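Worksheet: the structure to be examined is printed underneath.
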Amino acid sequence: MNLLLLSNSTQHGRGYLEHALDTVIGFLPAGGRLVFVPYALADHDGYTARVRGALAGAGIDVRGVHEGGDPLARLGEADAVFVGGGNSFRLLSALYRTGLREALTKAVGAGLPYMGASAGTNMAAPSLRTTNDMPIVEPPSFEALGLVPFQINPHYLDPDPASTHKGETREERLTEFLEENDVPVLGLREGSWLRVDGARATLGGARDARLFRRGTAPRELAVGADLSELLGTVPAFDSRA
């Protein structure tokens with residue numbers, strides 16, 4: 001696998017992908033054809049134009065997977081694929097509907113570089129179960145691409161001790177997930193990402209991450225941490241503690 005999984009594509013005060021642009025350009029094949037999957041948002045053309053504009057200076061040819069009428073043919077022409085953020089339920093539903101879920105799994109497994117951001121990073125996990133999104137549509141299954149064998153929670157937010165909001169914190173929600181599923185969850189804070197190159201996984205970006213496992217306290221992971229051991233995870237869903 002050759003993966004770049006961003007927590008977010010837009011950082012406060014900066015342009016689209018600007019906070020990770022050097023890493024993104026270094027990851028994508030120089031002068032290559034990047035196929036963008038815009039299905040997490042409703043405006044596919046506008047979303048694709050935003051990505052095209054962000055990468056225009058790098059000489060990367062960006063094509064929407066929806067352009068030309070046959071998403072599978074577009075994917076077959078790609079040197080790399082980028083699955084953008086938005087609503088994870090809408091995105092996964094579209095991947096099933098178009099046949100891209102199975103096609104992406106096969107293509108990335110055969111070596112096609114995969115970049116995801118937010119919802120696109122959620123898709124790289126085995127299941128949709130640790131997304132933050134509202135289920136605005138109902139996909140056929142929560143089963144995602146399974147490019148990595150553990151769960152990821154993009155946009156991870158730490159508990160705010162000064163908050164007067166009495167709803168669940170992100171930590172509480174992930175603890176509830178682990179009560180029903182024995183699968184590690186990597187909480188990626190804004191500005192962080194996971195880089196997977198073959199059998200090696202590394203935490204990148206500007207902020208540390210947090211790792212949740214059943215039966216242990218959450219663990220802080222520093223930027224640059226080697227997370228390769230997570231690639232040997234055997235996930236156990238619907239396995240109550």
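Heavy atoms only: backbone and side chains are in, while hydrogens, waters and symmetry mates are out. All values reported here derive from a predicted model rather than from experimental measurement.
- Looking only at side-chain heavy atoms (C-beta outward), Leu230 and Arg213 come within less than 4.5 Å of each other.
- Put simply, the side chain of Arg63 never gets that close to the backbone of Glu77: no donor and acceptor are under 3.5 Å apart.
- One distance of note links OH of Tyr47 with CZ of Phe36; it measures 4.5 Å at 0.5 Å rounding.
- The two residues Ala40 and Gly85 come nearest to each other via the heavy atoms CB-O, 3.4 Å.
- For the pair Arg200 and Asp226, the salt-bridge criterion is met [side-chain N within less than 4.0 Å of a carboxylate O].
- Residues Glu102 and Arg97 are not paired through a salt bridge, judged by the lack of any N-O separation under 4.0 Å between the basic side chain and the carboxylate.
- Looking only at distances, a side-chain donor or acceptor of Thr121 sits under 3.5 Å from a matching main-chain atom of Gly116.
- Checking side-chain atoms of Arg74 against main-chain N and O of Glu67 turns up a donor-acceptor pair under 3.5 Å.
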Take Met115 and Val83 through the side-chain contact (heavy atoms from CB on, under 4.5 Å) test and state the conclusion after the steps. CA-CA 6 Å; Met115 186 170 84; Val83 181; over 6 Å; no
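- Annotation: the span from Phe150 atom CZ to Glu229 atom CD amounts to 10.0 Å, rounded to 0.5 Å.
- Ion pairing of Arg173 with Glu176 is absent here, as no side-chain N (NZ or NE/NH1/NH2) approaches a carboxylate O to less than 4.0 Å.
- Under a 4.0 Å N-O distance rule, the pair Arg33/Asp79 qualifies as a salt bridge.
- Taking hydrophobic clusters as Ile, Leu, Val, Met, Phe, Trp and Tyr residues chained together by side-chain heavy-atom distances below 4.5 Å, Leu41 does not share a cluster with Leu95.
- A distance-only check finds no donor-acceptor pair linking the side chain of Asn181 to the backbone of Ala236 [under 3.5 Å].
- Phe142 has its ring centre no less than 6.0 Å from the ring centre of Phe237.
- The shortest distance between side-chain heavy atoms of Val137 and Ser93 falls below 4.5 Å.
- Between Arg219 and Asp208, none of the side-chain N atoms (NZ, or NE/NH1/NH2) sits under 4.0 Å from a carboxylate O, so this pair counts as no salt bridge.
- Closest heavy-atom contact between Leu92 and Ser141: CD2-O, 3.4 Å.
- Minimum interatomic distance between Pro154 and Ser118 (heavy atoms only, all atoms of both residues): CG-O, 3.6 Å.
- What you find for Ala107 and Leu75 is that their closest heavy atoms are CB-CD2, 4.5 Å.
- Asp158 is not listed as a side-chain neighbour of Arg170, based on a closest heavy-atom distance of 4.5 Å or more.
- In this structure, CG in Leu17 is found 7.0 Å from OG1 in Thr10, a value given to the nearest 0.5 Å.
- Side chains of Thr130 and Ile152 form no contact here, defined as non-hydrogen atoms less than 4.5 Å apart.
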Before giving the answer on side-chain contact (heavy atoms from CB on, under 4.5 Å), spell out for Leu55 and Asp61 the whole-Å C-alpha distance, their side-chain angles and the decisive distance to 0.1 Å. CA-CA 8 Å; Leu55 298 177; Asp61 179 16; over 6 Å; no
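- The cationic group of Arg50 lies under 6.0 Å from the six-membered ring centre of Tyr16 and within 45° of the ring axis, placing it in a cation-pi geometry.
- Counting only heavy atoms from C-beta outward, the side chains of Leu4 and Leu6 approach each other to under 4.5 Å.
- The shortest distance between side-chain heavy atoms of Gln151 and Leu186 does not fall below 4.5 Å.
- Between Leu147 and Leu5 the shortest side-chain heavy-atom distance does not fall below 4.5 Å.
- Not one N or O on the side chain of Asn2 forms a donor-acceptor pair closer than 3.5 Å with the backbone of Gly111.
- Within the 3.5 Å criterion, the main-chain N or O of Ala144 finds a donor-acceptor partner in the side chain of Arg101.
- Looking only at distances, a side-chain donor or acceptor of Ser7 sits under 3.5 Å from a matching main-chain atom of His155.
- Here the two rings, on Phe212 and Tyr156, have centers that are under 6.0 Å apart.
- Both Val65 and Val81 sit in one connected hydrophobic cluster of ILVMFWY residues. Membership requires side-chain heavy atoms under 4.5 Å apart, directly or through other members.
- Leu28 and Ala80 get closest at one heavy-atom pair: CD2-CB, 3.9 Å.
- In terms of hydrophobic clustering, with Ile, Leu, Val, Met, Phe, Trp and Tyr side chains grouped at heavy-atom distances under 4.5 Å, Leu194 and Leu145 are assigned to a common cluster.
- Met1 and Leu112 fall within the same hydrophobic cluster, defined by Ile, Leu, Val, Met, Phe, Trp and Tyr side-chain heavy atoms under 4.5 Å apart, directly or through other members.
- In this structure, Asp70 contributes its side chain and Leu72 its backbone to a donor-acceptor pair below 3.5 Å.
- Pairing each heavy atom of Thr169 with each of Pro159, the nearest pair is CG2-CB, 4.2 Å.
- By the 4.0 Å N-to-carboxylate-O rule, Arg240 lies too far from Glu179 to be salt-bridged with it.
- Taking the six-membered ring where tryptophan is involved, the planes of His44 and His66 are perpendicular, since the angle between them exceeds 60° and thus also 30°.
- Leu174 contributes atom CG, which lies 9.5 Å from atom CZ of Arg210 (distance to the nearest 0.5 angstrom).
- Contact check for Phe177 versus Asn153: no side-chain heavy atoms found under the 4.5 Å cut-off.
- Look at Glu180 and Arg129 and you find no salt bridge, because none of the NZ, NE, NH1 or NH2 atoms lies under 4.0 Å from a carboxylate O.
- Ser88 and Asn122 share a side-chain donor-acceptor pair at under 3.5 Å.
- Arg189 has a carboxylate O that lies under 4.0 Å from a charged side-chain N of Glu220, or vice versa, which qualifies the two as a salt bridge.
- Residues Leu3 and Leu211 fall within the same hydrophobic cluster, defined by Ile, Leu, Val, Met, Phe, Trp and Tyr side chains chained together at heavy-atom separations under 4.5 Å.
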